[in-house]
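Here the structure is a predicted model, which is why all the values come from computation and not from measurement. Order of the sequence lines fixes the chain letters, A, B, ..., with proteins taken first and strands second; residue numbering starts at 1 for each chain.
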Amino acid sequence: MEGGHQQPPDSRVPHFSVRLSRLGYRTSKDPSNGAPMILPVHQRLRAAIAARLTEVYGLAPAEQPVITIDYAPNRELGDLAVPVAFELARRLRKAPRAIALELAEALGAVDGFARIEAAPNGYLNCFLDRAAFLTARLLPQTPAGGPADQGKTIVEHTAINPNKAAHIGHIRNSALGDTLVRVLRFRGVPVEVQNYIDDTGVQVADVVVGFETLEQISLDDVRALAAQPRFDYHCWDLYARVTEWYEADKTRLAVRLKALHDIEHGGNPTAAMGALVADAIVRRHLETMRRLHIEYDLLTWEGDILRLKFWARAFEILKQQGTVYLQTDGRLAGCWVMAIDDGESGGQGELGEQGGSGEPVDEDAGREKVIVRSNGTVTYVGKDIAYQFWKFGLLGLDFKYRRFATRGDGQPLWATTSDAAHDTPGHPTFGGAGTTYNVIDVRQSYLQKLLKQALAAMGHTRQAERSIHFSYEMVALSHATARVLGYAPPADDVKKPFVEVSGRKGLGVKADDLMDLLERTATSEVFRRNPELSADEVARTGSEIAVAAVRYFMIKYSRGKVIAFDIDEALSFEGESGPYLQYAVVRANNIFAKLKERTGQDEAAVRAAVETLSADALTGAEGDELWGVVLDAARLDEVVEQVVRTLEFSVLAKHAFGLAQAFNGFYHKAPILNEERPDVRAWRAAGIAYVRAQLTAALDLMGIVVPARM
RNA sequence: GCGCCCGUAGCUCAGUUGGAUAGAGCGUUGGCCUCCGAAGCCAAAGGUCGCAAGUUCGAGUCUUGCCGGGCGCGCCA
């Protein structure tokens with residue numbers, strides 16, 4: 001497969017619309033006023049250079065190299081730096097330096113730039129018009145519309161088995177998924193967030209077996225238990241006990257099989273208990289995720305996919321197209337199978353003609369994937385294909401919809417239903433996406449590849465391309481943390497760099513435990529520092545800090561990396577951490593609060609004040625300091641563009657951290673309130689107003705809010 | 001066996017359309033609170049970017065081979 005480098009189809013077309021108002025989970029205020037950032041400047045510069053390449057060297061646009069835009073290592077050398085002269089040196093048989101000189105000369109004055117000059121080594125160094133740049137970004141802007149319509153995008157994430165408490169591995173999934181949602185919305189993409197609930201699987205069956213056979217309690221007893229605050233914790237332990245129970249005597253697995261069967265068929269006490277457990281656990285998961293500022297638009301229940309015969313329809317289509325066919329001999333005789341393309345094409349577009357017809361020869365074993373077992377039941381892949389077809393609107397069937405709960409923002413959270421009596425008129429339209437992202441860990445890569453293949457084999461090559469597996473590595477435990485949890489590793493494991501989390505064994509850090517611990521730590525610290533705050537404010541702030549700590553922690557690693565979760569590291573609020581970022585903005589906010597207090601000047605006034613001032617404060621060594629932070633802040637749109645293109649969120653995390661660092665450095669070096677020179681003070685205030693808005697926006701993309709005090 | 005991912009400072013990691021002296025946090029050492037909040041700032045020490053070839057004006061980044069580690073390849077999900 002393409003590994004970590006799938007590209008969403010629209011990623012090469014930058015657009016600059018900013019709809020920050022839609023980002024806010026808690027606030028509806030647009031933190032950056034929809035101001036333009038750096039990408040429009042890139043665009044303008046690129047266009048100007050391209051025009052000169054044609055003019056001076058007769059290079060038609062098609063013959064030109066891609067004009068990359070870098071940043072000069074420091075502000076004295078310039079702001080943007082273009083190495084295009086190196087690229088052209090051979091073709092033009094000229095030294096890079098000479099080309100750069102000619103280009104600089106030909107470029108003359110470019111709108112928005114103070115000057116563009118050739119560096120001795122051949123770079124084209126571009127100096128922005130600092131005052132104009134900053135001033136333009138301080139003015140309120142009307143956001144542009146969304147991108148050219150590509151249809152909506154569905155992001156599926158979380159999808160925790162509804163049979164036990166969520167753990168840190170699930171947090172990584174949800175944090176990545178939710179950040180993806182925020183980042184896409186930032187770019188103006190309409191996004192529908194779905195959480196898939198596997199309510200009819202083995203895992204739920206196992207917990208039901210636990211209640212029915214191990215604990216031997218009634219449906220009413222379970223209902224009473226489920227009303228307890230942390231029912232999911234109870235199930236966490238029970239699930240581990242059931243696993244042990246099976247292991248002690250393998251014949252007991254027959255009990256599981258029967259439970260699973262009953263649950264799938266419905267209309268019996270076991271199924272009723274399964275439904276009760278799943279519903280209660282899902283509600284617990286939603287609470288856990290809400291603590292992390294994560295919400296969904298739709299819960300998709302696997303049981304509804306079964307009951308509404310989505311699979312039957314998908315199966316018909318697949319049979320009709322010959323994508324899935326009945327194997328008549330060999331070890332898979334009696335199964336309906338799909339041909340697997342193990343070829344080098346890696347799931348790209350041209351799979352279409354393969355597997356479209358009749359009887360592929362079964363030479364090697366392993367070239368076919370069972371979709372329907374010889375006993376007539378459908379595998380997980382089959383159900384997933386049906387779901388994926390529905391997501392793209394290719395199934396010709398739809399769910400019924402019911403209100404499931406109310407989200408943190410007051411909007412309804414919808415769930416699928418197969419019961420016409422519960423269908424709620426006026427529900428939004430779900431499904432029918434142009435692009436889907438499935439946020440699932442890397443171990444599912446093989447199956448996600450099959451999913452793409454199924455789409456491609458059906459002739460839906462465009463949907464196959466836009467069916468994106470957002471994969472990421474596991475969260476494991478550091479040895480130190482595993483030890484704290486009372487885990488004594490077997491001899492083999494000691495050598496491994498980390499300890500694998502196991503829901504089955506009940507080994508792992510529960511999400512709510514982690515949040516509790518973080519909140520307790522943060523809250524006591526907030527109380528110590530701000531004794532005047534009310535208990536409510538202290539608690540809220542503690543929670544906001546806890547969220548920042550976890551979410552930043554989950555985002556800062558690249559997704560291809562196993563996180564060896566270490567509790568002490570996660571609890572650190574210093575250095576490269578979420579709270580560090582919040583702290584920087586809190587400080588900036590304090591400056592503006594004090595400014596208002598002392599001079600009556602609000603932020604709008606600060607932003608406006610600068611227009612009539614000379615730009616001296618932005619030049620020279622002193623000016624470089626402020627300008628450097630402003631320029632860095634402006635790069636958020638560029639960073640987001642890269643993040644969506646590469647699906648690598650560490651870039652966003654590092655950018656925000658770097659910006660906070662730059663601000664903190666500036667903060668110590670260059671006072672605002674105590675600055676004597678009025679124009680210097682005004683420019684600093686204006687620059688920092690922009691910086692804090694951009695940093696706030698960046699934090700918002702990570703689901704982090706900025707407390708009033710901390 | 002085949003496929004995918006990872007290997008960068010003592011530790012944990014950024015560095016993703018190849019671009020100017022390889023960065024950060026933690027840890028270590030030494031400084032900075034009558035001055036917008038020290039969850040902070042400044043400074044020092046610390047690197048054969050796993051190894052070897054290759055492509056290129058230019059390689060941590062691309063290609064090939066090798067070494068070390070992880071994951072996947074079920075009529076499980």
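- Between the CD atom of A/E473 and the P atom of B/A14 there is a distance of 12 Å, given to the nearest Å.
- In this structure, A/E597 does not pair ionically with A/K594, as no charged nitrogen and carboxylate oxygen lie closer than 4.0 Å.
- Of the side-chain N and O atoms in A/K561, one or more sit less than 4.0 angstrom from OP1 or OP2 of B/A14.
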Under 3.5 Å, side-chain donor or acceptor atoms of residues 84-93 of chain A against the rest of the protein: list the pairs with distances, not counting sequence neighbours.
residue, atom, partner, partner atom, Å
A/R91, NH1, A/E63, O, 3.2
A/R91, NH2, A/E63, O, 2.3

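- B/C67 sits 24 Å from B/U55 when the P atoms are compared, rounded to a whole Å.
- With contacts defined as side-chain heavy-atom distances shorter than 4.5 Å, the pair A/E648/A/Q642 does not qualify.
- Taking atom P in both B/U61 and B/U8, one finds a spacing of 14 Å when rounded to whole Å.
- Within the nucleic acid shown, A/S650 comes within 4.0 Å of sugar-phosphate atoms alone, with no base atom in reach, counting heavy atoms only.
- Regarding contacts with the backbone of B/C5, every side-chain N or O of A/Y557 stays at 4.0 angstrom or more from both OP1 and OP2.
- Judged by the 6.0 Å and 45° rule, A/R692 forms no cation-pi pair with A/F663.
- Shown here, B/C33 is classed syn by the O4'-C1'-N9-C4 or O4'-C1'-N1-C2 angle, which is within 90° of 0.
- Using atom P as the reference point in both B/U48 and B/G23, the two lie 15 Å apart (nearest Å).
- Between B/C62 and B/G1, the distance separating the two C1' atoms is 28 Å to the nearest Å.
- In terms of phosphate contacts, A/R559 brings no side-chain nitrogen or oxygen within less than 4.0 Å of OP1 or OP2 of B/C13.
- Between the side chain of A/N121 and the base of B/A20, at least one donor-acceptor pair of N or O atoms lies under 3.5 Å.
- The nearest whole Å value for the distance from the CZ atom in A/F565 to the P atom in B/C13 is 14 Å.
- Backbone-only contact: A/T379 has heavy atoms under 4.0 Å from sugar-phosphate atoms and none from a base.
- Atom OH in A/Y583 sits roughly 4 Å away from atom P in B/A39 (whole-Å rounding).
- With respect to A/E247 and A/R504, no salt bridge is recorded, no charged nitrogen being found less than 4.0 Å from a carboxylate O.
- The distance from atom OH of A/Y580 to atom C1' of B/A24 is 10 Å, rounded to the nearest whole Å.
- The OH-P distance, from A/Y472 to B/C6, rounds to 17 Å in whole Å.
- Atom-to-atom, CD of A/E603 to P of B/C36 comes out at 21 Å; the value is rounded to the nearest Å.
- Among the atoms of the strands shown, none is found under 4.0 Å from any heavy atom of A/V82.
- When each of B/A20, B/G40, B/A39 is scored by its nearest atom to the side-chain atoms of A/N125, the top-ranked nucleotide is B/A20.
- Side-chain contact of A/Y246 with A/D206: a donor-acceptor pair under 3.5 Å is present, judged by distance alone.
- A/S445 contributes no side-chain N or O that forms a donor-acceptor pair with the base of B/C4 under 3.5 Å.
- Going from atom CD of A/E87 over to atom C1' of B/U17 covers 12 Å, rounded to whole Å.
- Between A/Y380 and B/A77 there is no side-chain polar atom (N or O) within less than 4.0 angstrom of OP1 or OP2.
- Side-chain atoms of A/N590 and base atoms of B/G37 include a donor and an acceptor less than 3.5 Å apart.
- Across the P atoms, B/C2 and B/U64 are found 15 Å apart, a figure rounded to whole Å.
- A/W311 and A/F315 have parallel rings, their planes meeting at less than 30° on a 0 to 90° scale where 60° marks the start of perpendicular.
- For A/I545, the listed nucleotide lying nearest its side chain is B/A39; candidates were B/G40, B/A39, B/C36.
- Among the heavy atoms of the strands lying under 4.0 Å from A/G560 are primed sugar atoms or P, OP1, OP2 only; no base atom is included.
- A/L581 places its CG atom 11 Å from the P atom of B/G40, with the value rounded to the nearest Å.
- A salt bridge links A/E576 and A/K654; the closest N-O separation between the charged side-chain nitrogens and carboxylate oxygens is under 4.0 Å.
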In dot-bracket form, how is RNA chain B paired, counting a Watson-Crick or G-U wobble pair only if both its distances are under 3.5 Å and using | for bases paired to another strand? (((((((..((((.....[...)))).(((((.......))))).....(((((..]....))))))))))))....
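- On the C1' atoms, B/A20 is 10 Å away from B/G58, given to the nearest whole Å.
- Scored by the ring pair (Phe, Tyr, Trp, His ring centres under 6.0 Å) test, A/Y552 finds no partners at all (sequence neighbours excluded).
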